[in-house]
Protein chains: 2
Amino acid sequence: MAQSRHETPASILIIDDHPLLRRGVAQLLELEDDLELVGDTGEPAEGVRLAGELDPDMILLDLNMPGMDGIQTLKALREADFAGRIVMFTVSDHEEDLVAALRGGADGYLLKDMEPEEMVRQLRQAALGRMVVSESLTALLAEALRNQRTAPATPDIHSLTQREREILRELAAGLSNKLIARKLDITEGTVKVHVKHLLKKLNLRSRVEAAVWAVQEGIDR
Amino acid sequence: MAQSRHETPASILIIDDHPLLRRGVAQLLELEDDLELVGDTGEPAEGVRLAGELDPDMILLDLNMPGMDGIQTLKALREADFAGRIVMFTVSDHEEDLVAALRGGADGYLLKDMEPEEMVRQLRQAALGRMVVSESLTALLAEALRNQRTAPATPDIHSLTQREREILRELAAGLSNKLIARKLDITEGTVKVHVKHLLKKLNLRSRVEAAVWAVQEGIDR
DNA sequence: CGCCAATAACCCCTAAAGAGGTACCTCGCA
DNA sequence: TGCGAGGTACCTCTTTAGGGGTTATTGGCG
């Protein structure tokens, strides 16, 4: 199976709390002369340290680990200025995890139940700089993309006018447009206009999202 | 104006950070032999202490004070097992304040701009154990009552079924019923049923309230 | 002076939400 | 064995929400 490449093999570090799985990957990679396992650990913190020390071309990172989880580790690696490829390696087929990983700067997201040959193929692609995602997740990926806001992940309260903030506060208190109108002594239609504008500015898709955002930002009260 | 009563006068403590206003009340009460000012302070904390020391029949409590505000002071007094009457004394005609005060265990809510005679009349009523609220606030009071949930102020997550919690989580993430249905692989109608049930159990009136509640309770994630 | 942002109001129209009801199936428990 | 709770699905009907547009007024601001 080993396809020879001209250059030096891609160095790989694996961070995964399952020893057996680490060994499995090690054996798999031994068969490939263009992929070389240079380190492995079950400790996220140790993994971050090793990343700095070994500076591998690629890190295979488990998403589900005790203590610091994969996403945190991912962030820690990026904050430690690790510039190589980071491929998440997990059993989770949840959209949230996928999205969190990619948003967190992962270059790939592979499921652990994939076939070894497929695994090698994907790792090779990743080493070449391509973003890889398990095929069975393409639907999820599409879904995530569709659900995604196109703009700033951090909308800004300051982009709202005084009135819009006022409307948002009431909205987050659970009031309907009609009740907001009554309270602020304007018509329901006007409230709707403000809500519409505020949703557009914050790039949210419903009053529920607006309410949740407002609460989390502490806009209420 | 002083109307003689048979028994001992009602002892009153005033907690208000405006010295002038305290003096004004003092003078007013001096004219009445059934109402007796036994202490006054501009410091909320000092007020709580005095309440324990003097054990007055009634406390006139300013709602807007620097540091510990009126509502906090109110709670502190009740927690210190002050069992007498507590009448809030304020310039605020906001429904939120009124509601917070009454919910917090206040026995009255009087506006500072009222006429002295009216003031005395109301205090006398309060001393007799009646709940008093400035007349100009009756409309607000009615509104607050109407907006009020009839049941537990603290709905319980545990009253929900597993499925309902699941639905709530998604709804708090901002998903529409249709999207929740798609995600959980059930029909939109079924999602609606769950939402309906969960709203009833939590005694909430809209998905927005449910979402806000869920977020505040940390149900999400 | 004209222009723009903010506010308010109204139009039309579709989609989403919520209340009420019935029905069916499965499980566990008395 | 029956009964209730939970889950699913479907029905009807009303209200609410949200997108699109136009219009008008007010207050700065160049």
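What you see is a predicted model, and the numbers here were worked out from it, not measured in a lab.
- Each of B/Val208 and B/Asp185 was matched to the nucleotide of DNA chain D holding its nearest heavy atom; the match closer to the 5' end belongs to B/Asp185.
- At most 12 heavy atoms of other shown residues, nucleotides or ligands fall within 6.0 angstrom of atom CZ in B/Arg23.
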Intermediate values then yes/no, side chain to side chain contact (heavy atoms under 4.5 Å, CB included), A/Leu184 and A/His194: CA-CA 12 Å; A/Leu184 300 185; A/His194 286 305; over 6 Å; no
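- Computed from C1' positions of five pairs at each end, the angle between the two local axes of the helix from C/dC1-D/dG30 to C/dA30-D/dT1 equals 30°, rounded to 10 degrees.
- Atom NZ in A/Lys178 sits roughly 16 Å away from atom C1' in D/dG18 (whole-Å rounding).
- Side-chain nitrogen and oxygen atoms of A/Asn177 include none within less than 4.0 Å of the OP1 or OP2 phosphate oxygen of D/dT16.
- In terms of the side chain to side chain donor-acceptor pair (under 3.5 Å) criterion, residue partners of B/Thr90 (sequence neighbours excluded) are, by chain and number, B/Asn64.
- In this structure, the side chain to side chain donor-acceptor pair (under 3.5 Å) partners of A/Thr190, at least two apart in sequence or on a different chain, are A/Thr187.
- The nearest pair of heavy atoms linking B/Leu63 to B/Tyr109 is CD2-OH, 3.6 Å.
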Stepwise side chain to side chain contact (heavy atoms under 4.5 Å, CB included) test for A/Leu110 and A/Leu123: CA-CA 9 Å; A/Leu110 301 178; A/Leu123 288 184; 4.0 Å; yes
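- Taken residue by residue, residues 187-200 of chain A places heavy atoms nearer than 4.0 Å to DNA chain D at A/Lys192, A/Val195, A/Lys196, A/Lys200.
- A donor atom on one side chain and an acceptor atom on the other are not found under 3.5 Å apart for B/Glu166 and B/Gln162.
- Judged as a side chain to side chain donor-acceptor pair (under 3.5 Å), and not counting sequence neighbours, A/Glu188 has no contacts.
- Paired with A/Arg22 under the rule side-chain hydrogen bond (donor to acceptor under 3.5 Å, both in side chains), one option of A/Asp17, A/Asp40, A/Asp62, A/Asp16 passes, and it is A/Asp40.
- Straight-line distance from the CD1 atom of B/Ile186 to the P atom of D/dG6: 16 Å, rounded to whole Å.
- The footprint of chain A on DNA chain C, defined by a heavy-atom cutoff below 4.0 Å, extends from C/dA6 to C/dC10.
- Side chain of A/Asp107 to main chain of A/Ile86: a donor-acceptor pair is present (N/O by atom type, distance under 3.5 Å, no hydrogens or angles).
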